[in-house]
Amino acid sequence: MTKEIFVVAYEGDADGEKVLDYALARAKRADAELLLVHILEWSPYKFLTQEEVAERSKRRRQEMAVAETKLMSPALAKCAAAGVTTKGEIRYGQVVDLIVKIAGEAKATQIFVGRTGSHSVAARIFGSVPLGLAQLSPIPTVIVP
Amino acid sequence: MHKAFFTALIGLLTVALPAHAAIDETINAAVATVTTPFVNFIFSPLPGTSFPWIVLWLVIAATIFTVYFLFIQFRAFPHAIALVSGKYADPDDAGEVSHFQALTTALSGTVGLGNIAGVAVAVSIGGPGATFWMILAGLMGMASKFTECTLAVKYRNEYDDGGVSGGPMYYMSKGLKERGFGWLGKPLAILFSIFCVLGSLGGGNMFQANQAHAQITNLFGEYPGWITGVVFALIVFAVIIGGLKSIAQVTEKIVPMMAVLYVGAALIILVMNYDKIGWAFGQIFAGAFTGLGVAGGLVGALIQGFKRAAFSNEAGVGSAAIAHSAVKTKEPITEGFVSLLEPFIDTVVICTMTALVIIITGVMQQDPQTGLYVWNAELGRVATAGDVSGVALTSAAFASAFSWFPWVLGIAVVLFAFSTMISWSYYGLKAWTYMFGEGKAQELTFKIIFCIFVVFGAAMNLGPVIDFSDAAIFAMALVNIVALYILMPVVRAEMTSYMERLKSGVFDIKH
């Protein structure tokens, strides 16, 4: 029988660690697998300067490398140490849309996300990641305080 | 409050520096002496005519590319829109430069004072008929832009660290070698680089500083141009040498909004005067073939139209090819398709808006009896309200509908000028380092020269500045088009292959 998959919207900060710890505990209890997703916010319609255009490819590689080594690898190691089968994915794009899409592709049954930024003024106006997921996700979403 | 403060500051500077006028005149005379022979060569007329050979060079090239690629600018227009909207973008390429970003970055280098001041110069010298030739040049220039930007992506250098260097210098050296013209490639690339550096100092710098100063004095009153030049030079210095990228980033975000605001205001004026739009187009068509009393008639209108269109949209010049070369795509031709939207937006849409507003608002004087435009022989242009030209004429036209618009235009002009300067400082730098090699010392040398020319541009009269700017930009086209002729079969092969695959449905619509 295939195991359940829980998606973790992983940011790597203090809140991110809380989400990961909580998701690990739930995954262990449910004998589920984890899919850690780290999204680098990006819009193909953002205006760039000439220099940013020229350096974009180089910067992308650097950003991916940093996300991989500083964020994803330690998190995957932590999950492995906890005995939970975990995969990681780093992508560029709109955070909420991509997490919902990845969760759908992986046939995940739950999404775990931190509450970071959901009470800021900007988040109240434009919507934050946890609020966006709560509204858009077709599967249960756990917002970890 | 701000106006009073600014006026007081200028007054203080003016009093404190009594030799101000002499500085402007000295700069004007010194620079004009050096640049005049170059300008005269580039704009020398064809024997027995008053038609500059360089304009014919551009017209012929745009016509050849249009025919050779079977009117690609019209056939591929819908596909170009689909590419820019991201319909064919590979999700795995997220985080890389998109077609939209390459296009808007290139546009920030071209949409600027050419659209505001350049058009005013064209219609005040060539009459409303210049607009017709400008639109035609814009439409045909789309094929030139398509050719050069496809080549820029195809022959760019991609480094192991992900960095990219592209532009005419690279397709000249690599592409021409591939076509068996290796002996010509490198000298052509060097020649192009020299002209590109001059173009960046002229049209990409002096003209921008000059017209930004003109609009500021239009708002706050006369004061020496070198003061604006020094202030601008310091800001440019802070960005390109001091690494204060936030200024460039903020400008890059505000400029598109200013462009929308500018076009929006022009549209409102046109809607307010909807009953005159038909008449204005009548003036444009009649003027294109008769001159409507403007000295030079048809030829005068045609020359001005083509000159200002080329200066504004830079099709065939090779500058935008540097900007477009960084896009992430497996198909170089797709960037060619996207780039053909650039002359359309720049010239066919924005320049035409400016021209229509100038014509409709009646700031150019017409003889009520004959309907012909009143020619001011002394100034060599159509008589205008207040005898103004360039950006001041556009400002007067917009002000006749909205008295407050010169203030908005003032901000727009300064931002457009600044954004174009930053873009061209990059183009110039790429050409400079192509010639002298990459390195901090080489880069710093060019950047300091660039900042000095900001002061020159703001201090000089419009005439010598615009002549040198035009000559430098056209000189780039002179070299670039030679390479485009040799390499156009490469582009056609790419185009044919891509179009066949597109028709067969190989490329999925991803979004």
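So that the names make sense, note that chain A is the first sequence line, chain B the second, and so on, each numbered from 1.
- With a 4.5 Å cut-off on non-hydrogen atoms, B:Val327 does not touch chain A at all.
- Minimum heavy-atom separation, A:Trp42 to B:Glu96: CZ2-O, 3.4 Å.
- Of the two parts of A:Leu40, neither the backbone nor the side chain holds a non-hydrogen atom closer than 4.5 Å to a non-hydrogen atom of chain B.
- For the residue pair A:Ala54 and B:Tyr426, the shortest heavy atom distance occurs at CB-OH, 2.9 Å.
- Within a 6.0 Å radius of NZ in A:Lys101, other residues, nucleotides and ligands contribute 12 heavy atoms or fewer.
- Most heavy-atom pairs under 4.5 Å with chain A: of the set B:Ala102, B:Pro256, B:Ser165, B:Ser108, this distinction falls to B:Pro256.
- Ranked by non-hydrogen atom pairs under 4.5 Å with chain A, the options B:Ser98, B:Ala94, B:Ser85, B:Gly95 are led by B:Gly95.
- A:Phe47 and B:Phe100 have tilted rings, their planes meeting at an angle from 30° to 60° on a 0 to 90° scale.
- Between chain B and the options A:Arg60, A:Arg56, A:Arg91, A:Glu63, the largest number of non-hydrogen pairs under 4.5 Å is found for A:Arg60.
- Interface residue B:Thr104: only side-chain heavy atoms are found under 4.5 Å from chain A.
- The two residues B:Val97 and A:Val53 make their nearest non-hydrogen contact at CG2-O, 3.5 Å.
- Once rounded to the nearest 0.5 Å, the distance linking CG of B:Leu429 with CD of A:Glu51 reads 8.5 Å.
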